[in-house]
Amino acid sequence: MPTERPFLHDPDPGGTKPLGAVPPALFDLAVNRADAALRGLRPRHPETVLAAWHARTRFARRVPLAAVLAALAQKPSEEPSGLSGVSWHWAGGELGAWVAGRAPFP
């Protein structure tokens, strides 16, 4: 990590501890934004990139990074059947799944 502090917090795989359960919409947003960040960067070590992203993204820190990584690991590698050019998005909170189509939040 650089000596200057470009982030508000050091990367923390556990995330900050929310007072209650993570709302499903917030979890979905964190997974979908993390997926978009990886899609644009295509890093060799996505865990390192996502740790930095998680540390500097205010809303994402409320979701444990380990849970985001677990959801990303479940993403299908192929396009949805019969839907050329359509991608996947996460929906349903922590117990959700990858769904064909665009996410309701950018």
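In this text the structure is predicted, and so the values were computed from the model without any measurement. The chain is numbered in sequence order, starting from 1.
Atoms CG and CG, from L50 and L65 in turn, are 6.5 Å apart once rounded to the nearest 0.5 Å. From R102, atom CZ reaches atom CG of N32 across 11.5 Å, with rounding to the nearest 0.5 Å. Annotation: the span from E47 atom CD to L38 atom CG amounts to 9.0 Å, rounded to 0.5 Å. Between the CG atom of L26 and the CD atom of E94 there is a distance of 10.0 Å, given to the nearest 0.5 Å. Taking CH2 from W53 and CG from L41, the interatomic distance works out to 12.0 Å, rounded to the nearest 0.5 Å.
The 12-atom threshold is not exceeded at CZ of R44, counting heavy atoms of other residues, nucleotides or ligands nearer than 6.0 Å.
Counting only distance, with no hydrogens or angles, the side chain of H54 and the backbone of A60 share a donor-acceptor pair below 3.5 Å. Between the W88 side chain and the E78 main chain, a donor and an acceptor come within less than 3.5 Å of each other.
At a threshold of 4.5 Å between non-hydrogen side-chain atoms, the residues W90 and V68 do not count as touching. Within the 4.5 Å cutoff, the side chain of K75 has heavy atoms near those of the D35 side chain.
A pairwise comparison of heavy atoms in R56 and R61 identifies C-NH1, 4.2 Å as the closest pair. The two atoms that bring G101 and H89 nearest to each other are O-ND1, 2.9 Å, heavy atoms only. When all heavy atoms of D28 and G92 are compared, the closest pair comes out as OD2-N, 3.1 Å. Nearest approach of P43 to P46, heavy atoms of both residues: CG-CA, 3.8 Å.
One hydrophobic cluster, built from ILVMFWY side chains closer than 4.5 Å, holds both F27 and F59.
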